[in-house]
Amino acid sequence: MISPVALIDCNNYYVSCERAFDATLVGVPVIVLSNNDGCAIARSAEAKALGIRMGDPVHLIRDKVKAHGIRVLSSNYALYGDMQRRVVAAIQPFARDFEIYSIDETFVDFAGFEHLDLVAHARDMSAQVRRWTTIPTCVGIGPTKTLAKLANAAAKKNPLFNGVADLREDTTRDWVLDRFPAGDVWGVGRATAAKLADLGITTAGHLRDMAMKQARGIGTVVLERLIAELRGIPAMAVETIEPQRKGMAVTRSFGTPVDDVDTLMGAVAQYAMRAGEKLRQHGLVAGRLTVFFHTNPHKPERPQYSASRAFSMQPMTSDGLALLAYARRGVERAWREGYGITKAGILLDDLIGEDLRPRTLFDDDGEQRARLMRAMDEVNGCFGKFTAVPATQGFRRGWSARSEARSPNYTTQITDVPVARA
DNA sequence: TCTGGGGTCCTAGGACCC
DNA sequence: TCTGGGGTCCTAGGACCC
């Protein structure tokens, strides 16, 4: 017996979070921008109707924004992350197991709930999220994760489903799959979609009926699994325990190009310190660090330069100042004069739980440094980030990303909490 | 004139996701 | 002036070893 899986997905999530605290955004076209105010990454239904596409660079849609009075917001991840906690809390009572798949999607394992009318159950779940957070959601139900995901997309697209699509039954499933573009199936990207189209495979129905052997030739084992899932045979489990993460990154584009090494070093220092903080928050240490920086690849007419340097770190560490020392060395070695650098970052790999860290022969216990890091975390937690920073980082951040229309931190910053007056 | 086969580990790069 | 950030998984190919 295959147990049903549901995917609950928040509609236009970032926009919906903003609307929860600003009523003037309701009913009008709204977009939320990526970091650095670069491109549109969330659009309200009204903005979609005006032809704003996912990922549209904001400087190419200025005219449209002006002509239609589209409201434009910078992204506010503190708000979206906190709202997610509330959404998950609302979902929790409706199943025993679930997998938080992304900031706005949760897979719900309905094992043990088969005796219920699951469509009604899903509607209750959706209503609970709405009551607690004001955020609208859609739910897809199916025998596999891929079909639940596809059902969710169908529920979003086709008003016939009224927000909840159930693809456990063959006739509905076939009907939906025959009308669903192959390129929109979860796991089929641009490259695979193009290869499939050459074979005349353009719908999810075609894809389901494709020979496994042929699938292997085009894609990898991943495409084979995907086809099994479309046939209703589970090839992916609902992952109810959070897997150990493998890597971590802190990368940013600059508001304006950087052409001197000291300024670049300041930015990289900040990223290294932030990377250390993230490691400590997760109780991890890293064994490998890569620092990279490059010019703007969207401007091929300008001189291009891209560099990265990687280091094995021994002992493995979560000490921001140790990370910074490696990163500095990388920047010093890779720096070339005469380029406008527009992005840099720190990548950490070989992550392992702090308690499992291998001891080296001459490993001092690092207790003092650990205390220093804890103290910095506390100071920056209480008095705001960048209160205590290493000198390399500096206090001037002329290169900072643009964020010109960020909403208040309504739920995570005491001074930003909305006040209700009688 | 002639030079194996098979295994592991690591890394870079591609593809995909939200 | 101006195009995000942070992840995962898979495969091919090189280095190395016996």
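Predicted model only: the values in this text are computed from it and were never measured.
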So [X], base contact, sugar-phosphate only, or nothing? Heavy-atom distance under 4.0 Å.
| X | answer |
| --- | --- |
| A:D56 | nothing |
| A:R53 | nothing |
| A:V32 | nothing |
| A:T256 | nothing |
| A:K278 | sugar-phosphate |
| A:G247 | sugar-phosphate |
| A:V250 | sugar-phosphate |

Checklist entry - Going by the ring-ring contact (aromatic ring centres under 6.0 Å, His included) test, which pairs reach into residues 241-268 of chain A, not counting sequence neighbours? => result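 The answer is A:F254-A:W399.
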Can the ring centroids of [X] and [Y] be said to lie less than 6.0 angstrom from one another?
| X | Y | result |
| --- | --- | --- |
| A:Y14 | A:Y77 | yes |
| A:H294 | A:Y339 | no |
| A:F107 | A:W186 | yes |

Can you measure [X] atom [atom1] to [N] atom [atom2] for me and round it to whole angstrom units?
| X | N | atom1 | atom2 | result |
| --- | --- | --- | --- | --- |
| A:F292 | B:dT11 | CZ | P | 18 Å |
| A:L7 | B:dC18 | CG | C1' | 12 Å |
| A:Y101 | C:dG7 | OH | C1' | 10 Å |
| A:N36 | C:dG6 | CG | P | 12 Å |
| A:E99 | B:dC17 | CD | P | 16 Å |
| A:F107 | B:dC18 | CZ | C1' | 12 Å |
| A:E224 | C:dT11 | CD | P | 9 Å |
| A:R190 | B:dG14 | CZ | C1' | 12 Å |

Checklist entry - Is there a donor-acceptor contact under 3.5 Å linking the side chains of A:D82 and A:T412? => result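 No, no side-chain donor-acceptor contact under 3.5 Å.
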Checklist entry - Just checking, any donor-acceptor pair under 3.5 angstrom between side chains of A:T392 and A:R328? => result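 The answer is yes; a qualifying pair exists.
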Next on the checklist: For A:R274, is there an ion pair with A:E277 - N to carboxylate O distance below 4.0 angstrom?
Outcome noted: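 Between A:R274 and A:E277 there is a salt bridge, with a charged N closer than 4.0 Å to a carboxylate O.
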Can you find a side chain N or O atom of [X] that sits less than 4.0 Å from OP1 or OP2 on [N]?
| X | N | answer |
| --- | --- | --- |
| A:K343 | C:dG5 | yes |
| A:K149 | B:dC18 | yes |
| A:R302 | C:dT1 | no |
| A:R62 | C:dT1 | no |
| A:S253 | C:dG5 | yes |
| A:T251 | C:dG6 | yes |
| A:K246 | C:dC9 | yes |

Next on the checklist: Given the ring of A:Y101, does A:K149 sit roughly above its face, with NZ or CZ under 6.0 Å from the centre of the six-membered ring and within 45° of the axis?
Outcome noted: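 No, A:K149 does not sit over the ring of A:Y101.
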Item to check | Reported CG-to-OG1 distance for the pair A:L226 and A:T192, which is rounded to 0.5 angstrom | outcome: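 Answer rounded to 0.5 Å: 9.0 Å.
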Checking contacts here: which listed nucleotide ([options]) is nearest the side-chain heavy atoms of [X]?
| X | options | answer |
| --- | --- | --- |
| A:H59 | B:dC18, C:dT3, C:dG4 | C:dT3 |
| A:Y77 | C:dG4, C:dT11, C:dG5 | C:dG4 |
| A:A191 | B:dC16, B:dC18, C:dT11 | B:dC16 |
| A:W186 | C:dT3, B:dC17, C:dG4 | B:dC17 |
| A:A249 | C:dT3, B:dC18, C:dG7 | C:dG7 |
| A:R288 | B:dA12, C:dT8, C:dC2 | B:dA12 |
| A:T192 | C:dG6, C:dT3, B:dA15 | B:dA15 |

Checklist entry - Toward the 5' end of DNA chain C, which comes first, A:Q244 or A:T342, by nearest nucleotide? => result A:T342
Item to check | Residue whose nearest DNA chain C nucleotide is more 5′ - A:R402 or A:R245 | outcome: A:R402
Checklist entry - Which whole number of Å gives the distance between the C1' atom of C:dC16 and that of B:dG4? => result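 One C1' to the other, the span is 16 Å.
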Next on the checklist: Dot-bracket for DNA chain C, please. Rules: Watson-Crick or G-U, both distances under 3.5 Å, ( ) within the strand, [ ] when a pair crosses earlier ones, | for another strand, . otherwise.
Outcome noted: ....||||||||||||||
Next on the checklist: Can you pull out every side-chain hydrogen bond (donor to acceptor under 3.5 Å, both in side chains) where at least one residue sits in residues 16-30 of chain A? Sequence neighbours excluded, please.
Outcome noted: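 Found A:E18-A:Y80, A:E18-A:S407, A:R19-A:E46, A:D22-A:T24, A:T24-A:R71.
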